[in-house]
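Below is one structure, written out as structure tokens; comments come after it.
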Amino acid sequence: MPISRSWLLGATLALLGLSHHTAAGQAASRSLAVRPRLVVFLTVDQLRPDYLDRWARQLTGGLGRLSQRGAFFPNAFQDHAITETAPGHASTMSGRFPRSTGILRNSAGVEDPQAPLLTSRDPGASPYRFRGSTLIDWMRSRDPRSRALSISRKDRGAILPLGRAKQSVFWYATSSGEFTTSRYYADTLPTWIRRVNARRVPQSYAGQSWTLLLPVREYPEPDSVPQENGGREFVFPHVLSSEPARAASELPSTPWMDRLTLDAALEGLQALDLGRGPQTDLLAISLSATDYVGHRYGPDSREQHDNVLHLDRALGTFIDSLFRLRDSSTIVFALTADHGVTSFPELAAQRAGRTPPPRYDISTAMRALRSMLQGAGVDLDAIEFDGTLVTVDRSAFAQTRIDPDRLLARFATFLRRRPGIARVDRVRDLSQRDTVQDAVSRRWLHMLSSDAGVEYVVTPMQGAYPAGAQIAEHGSPYDDDARVPLVFYGAGIQPGRIVERALVVDAAPTLARVIGITPFERLDGRVLARALAGGVR
Ligand SMILES: [Zn+2]
């Protein structure tokens with residue numbers, strides 16, 4: 001009996017061992033079979049995750065398909081303090097926070113006079129401030145045949161997701177109403193982009209009206225809200241100029257901009273022959289209409305509701321067309337946003353029956369700083385304040401008897417007493433805070449590199465806007481601005497709604513795992529294993 005039992009056990013183990021080995025082998029070959037030939041990375045500028053839930057029933061197109069049939073993380077964050085477009089896009093495919101990408105603000109984003117545009121008077125642009133690598137660099141280090149096309153309404157939306165990579169990168173120049181690029185990338189425009197521009201689609205919208213996609217009863221939001229759009233043209237229909245060049249410059253504030261961008265992306269995919277394998281290619285698309293519409297009318301507007309529905313339909317058409325051109329089982333999608341947005345404070349307070357936070361006035365503080373420096377006899381550039389960051393040039397104090405720390409402390413005290421300001425933090429004290437509970441401290445730490453020269457950071461009260469702001473705002477370290485959706489869909493992805501906290505910096509390492517490559521630098525993000533199908537986990 002014991003002998004036969006041990007024989008049985010051995011045989012069972014052998015069988016188990018064998019079957020385990022075989023299962024692993026099958027998993028490996030399965031993961032190889034689904035290894036995508038195309039990554040489609042979608043960034044929707046200023047998309048809040050609550051939009052996808054609020055209007056879920058009406059999302060019958062691409063947004064619905066991705067968020068309801070993909071792996072959807074509704075609790076994802078751009079976990080840094082200055083929630084603007086440039087730092088947000090720089091984090092999407094780098095897997096790193098702004099402290100490491102070097103892209104801190106829009107005002108020090110991609111503008112580069114040494115990289116003029118090929119066919120437009122719009123400002124020159126390049127990624128020269130960007131540090132480190134991104135997904136396309138890791139892809140190319142495994143297979144140099146991998147290529148990328150990145151396209152957007154905005155220069156920073158097209159450039160920063162690819163880091164410094166000199167791939168096919170195009171954006172829309174309003175001064176010419178055409179897609180173009182800068183000298184950093186090319187000396188001439190490719191034929192396919194010329195073909196797109198020659199159709200003069202933006203100009204053809206002259207005199208067109210943006211009207212509601214669905215019957216009016218489908219929109220619970222009031223239309224006539226005078227706080228929107230600085231009190232001008234805040235009701236439907238929104239009519240474009242009858243003059244073609246002006247219509248082309250107005251197009252970005254309408255849902256048609258995203259359709260134009262998606263159509264151009266498909267044309268580029270075909271012209272460049274992306275996604276046919278054997279290597280994996282990358283198609284990065286940043287869709288900006290949500291940001292323009294959101295700034296004008298705010299996140300609670302009928303305009304944003306309708307714009308998101310238009311975007312949903314345009315994305316649906318895009319995905320359907322893409323699946324006709326390429327094998328759908330070889331494509332993996334990711335969708336996220338560069339930041340969210342905060343409601344108009346007075347409007348939000350009025351609707352909630354409470355008092356709005358006071359608006360904060362930066363110019364008074366700037367004048368106060370100037371007179372403090374003047375009074376101390378120190379160079380006016382010794383301490384700079386841009387409304388958020390206090391930057392210090394300590395060498396400017398060397399020839400004076402003034403203690404910079406005392407002057408800074410005085411200025412910080414002055415700022416703390418300003419209405420609408422929540423906190424003024426000394427940067428070197430931030431790491432001692434509870435960065436798990438205190439999201440503002442953590443997001444500031446993720447923002448600043450040690451060589452940025454920033455010594456103090458100023459945080460407004462939650463929900464507060466700057467004085468005089470007529471448009472809806474983002475850029476704060478609070479959740480309304482930091483929270484974004486993160487979605488994966490397609491090859492290698494396990495669908496489901498995953499409520500665990502995720503970060504936008506997790507997107508790049510997760511996609512890297514799906515396509516079987518290894519990032520070659522240290523990342524802030526981690527692989528979101530719960531989004532992955534068994535074969536690639
Ligand atoms: Zn943005």
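Only this structure's heavy atoms are used, side chains among them; waters, hydrogens and symmetry mates stay out. Start at 1 and go down the list; that is how both ligands and their atoms are numbered.
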Do the side chains of Glu346 and Arg359 get close enough for a salt bridge, i.e. N-O under 4.0 angstrom?
yes

Assess, by modelled atom type and distance only, whether the side chains of Asp45 and His339 contain a donor and an acceptor separated by less than 3.5 Å.
yes

Take atom CZ in Arg442; do more than 12 heavy atoms of anything else shown fall under 6.0 Å from it?
yes

Quick one: sort the Trp210 and His238 rings into parallel, tilted or perpendicular, breaks at 30° and 60°.
tilted

Atom name of the N, O or S atom of His339 nearest to the Zn ion (ligand 1) is NE2

Taking both backbone and side-chain atoms into account, decide whether Thr85 has an N/O/S atom under 2.8 Å from the Zn ion (ligand 1).
yes

Please give the atom name: the N, O or S atom of Asp338 nearest to the Zn ion (ligand 1).
OD2

Could you tell me which N, O or S atom of Asp45 is nearest to the Zn ion (ligand 1)?
OD1

